[in-house]
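Worksheet: one structure, shown below.
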2 protein chains.
Amino acid sequence: MQVVAEKADARQRLIEAALKVFGEHGFKGASTRAIAGEAGANIAAIPYYFGGKEGLYLAVAGYIADQITGSMGPGLNAAGKLADDPATTPEQRHQAMLALADGFISMLVGTEEAALWARFVVREQFDPTEAFDVLYDRVMGPSYVAIAKLLGPLLGLQPDSDVLKLRIFSVIGQALVFRVARAAILRRLEWDAYTPERLDQIRAALRANLIAIMDAGRPA
Amino acid sequence: MQVVAEKADARQRLIEAALKVFGEHGFKGASTRAIAGEAGANIAAIPYYFGGKEGLYLAVAGYIADQITGSMGPGLNAAGKLADDPATTPEQRHQAMLALADGFISMLVGTEEAALWARFVVREQFDPTEAFDVLYDRVMGPSYVAIAKLLGPLLGLQPDSDVLKLRIFSVIGQALVFRVARAAILRRLEWDAYTPERLDQIRAALRANLIAIMDAGRPA
DNA sequence: GTCTATAGTCGGATAGAC
DNA sequence: GTCTATCCGACTATAGAC
């Protein structure tokens with residue numbers, strides 16, 4: 001295939017090609033031949049650089065964590081700081097939460113790369129391997145914490161209560177669904193693909209639900 | 001392996017074994033040898049009954065649609081009739097929606113079989129094949145319609161508007177997440193598995209979010 | 001560090017006995 | 001309808017040249 005540009009070194013090209021092929025076909029279904037072909041590299045380079053197919057898989061998990069951290073990290077840090085500040089008003093938390101949701105949709109639904117790593121991550125959710133530890137510790141855990149610090153006070157729930165955790169995951173699902181049920185959503189909306197305008201519609205719908213949930217926790 | 005009871009005929013045993021193995025390893029990753037072994041059947045029975053591996057895969061999609069229809073069908077039909085009845089009050093719609101959500105959680109999160117077919121369905125969402133058409137036409141489409149008829153009037157949105165569709169899918173995501181992000185949720189809650197008591201907690205958290213969304217659409 | 005060649009295994013499908 | 005035997009292609013990993 002040799003689709004990927006051969007500028008970066010073979011090691012990096014292999015990781016990016018592996019992300020694509022592992023995502024599409026799973027661990028067993030992905031062949032080292034297909035990955036090497038996609039990367040424009042030799043098959044023998046995989047045992048050479050990563051010790052084997054498993055090592056390459058784990059390297060892909062680290063690469064995904066890097067990508068998501070680079071994209072969402074700044075926003076999550078800002079949200080965390082704001083949430084920790086005692087001077088922050090409920091209205092500011094409210095706005096910060098909506099901004100976080102907008103950014104999450106942009107990354108998760110709006111980028112082509114997300115189509116690649118989402119499959120990888122979902123697979124790990126169903127059948128966790130060592131790669132799940134990497135993703136949870138570096139991406140999911142920190143993301144949850146930032147959201148919980150923002151949303152807990154708005155919902156009037158204890159920071160470490162199970163009910164807060166479950167309500168937050170449920171809220172996260174409101175955004176995840178646009179990636180995880182993409183095919184069904186596109187078919188129902190009679191869309192062929194998500195466009196920037198349609199992403200705005202998605203953000204607006206998500207905002208409407210979030211505002212309802214956040215406002216219900218507010219004293220009148 | 002020969003785990004599956006050999007009472008049913010080989011054809012049926014193959015479908016049930018294939019659901020498990022396709023779910024775990026994907027289409028390419030699943031070997032006909034593993035499926036036949038799990039079913040306690042001969043490898044040659046797969047080309048014989050289904051024409052080949054692809055035919056077996058499609059038969060699994062039909063089997064999943066049967067299972068879900070059997071589980072959710074009665075509730076969806078009842079909800080649809082209630083939603084169509086002009087005498088139905090908003091409060092009745094409200095309650096019917098919560099009941100539907102409870103049932104959905106029971107089936108999606110509370111059953112062991114859902115662990116099998118959820119992987120299959122999610123895979124089809126990311127990379128739809130002919131099997132997706134079966135699942136959409138027989139399961140996803142009818143489910144959406146019933147929910148939309150209940151929820152549209154409560155949210156005060158036009159039945160066929162894009163914003164209603166997107167808000168409904170977002171709401172559906174609130175429940176889906178408990179299956180699709182199961183590993184992350186279990187880790188954050190420090191649970192080892194979902195139990196009946198924990199399913200009640202999940203239903204309560206989902207209800208809280210749903211009530212907030214439905215009440216926001218109500219005139220004070 | 002990258003290549004070719006090849007070893008050893010496992011894949012799906014078929015033929016034909018029973 | 002179910003089995004064994006077998007074909008042939010695809011798989012991962014290694015050895016060793018360059």
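Below, each value reflects all heavy atoms present in this structure, side chains not excepted, and no hydrogens, waters or symmetry copies. Residue numbering restarts at 1 for every chain, and letters A, B, ... go by the order of the sequence lines.
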Where each residue is assigned the nucleotide of DNA chain D containing its nearest heavy atom, which of B:R33 and B:A10 is assigned the position nearer the 5′ end? B:A10

Over how many whole Å does the gap from A:R11 atom CZ to C:dT2 atom P extend? 12 Å

State, yes or no, whether a side-chain contact exists between A:D192 and A:L186 at a heavy-atom distance under 4.5 Å. no

Near DNA chain C, which residues from residues 42-51 of chain B have a heavy atom under 4.0 Å away? B:A44, B:P47

Quickly work out the B:K53 NZ to C:dG11 P distance and round it to whole Å. 9 Å

Taken to the nearest whole Å, CZ/A:F22 to C1'/D:dT12 is 12 Å

My understanding is that only one of A:I15, A:V60, A:L58 makes a side chain to side chain contact (heavy atoms under 4.5 Å, CB included) with A:F50; could you say which? A:I15

In whole angstrom, what separates B:K28's NZ from D:dT12's C1'? 13 Å

Side chain to side chain donor-acceptor pair (under 3.5 Å) evaluation trace for A:Q201 with A:E197: CA-CA 7 Å; A:Q201 292 183 254; A:E197 294 75 26; over 6 Å; no

Salt bridge (Lys or Arg N to Asp or Glu O under 4.0 Å) contacts touching residues 127-143 of chain B (sequence neighbours left out): A:R119-B:D127, A:R187-B:D133, B:D66-B:R138

In whole Å, what is the span from the CZ atom of A:R13 to the P atom of C:dG1? 13 Å

Distance under 6.0 Å and angle within 45° of the ring axis: does B:K165 meet both against B:Y144? no

Quick one: sort the B:F22 and B:F120 rings into parallel, tilted or perpendicular, breaks at 30° and 60°. perpendicular

In whole Å, I'd like the distance from the CG atom of B:L56 to the C1' atom of C:dG11. 15 Å

Rounding to a whole Å, what distance do you find between B:F27:CZ and C:dG12:C1'? 10 Å

Can you see if the side chain of A:S31 gets near the phosphate of D:dA10 - specifically, an N or O under 4.0 Å from OP1 or OP2? no

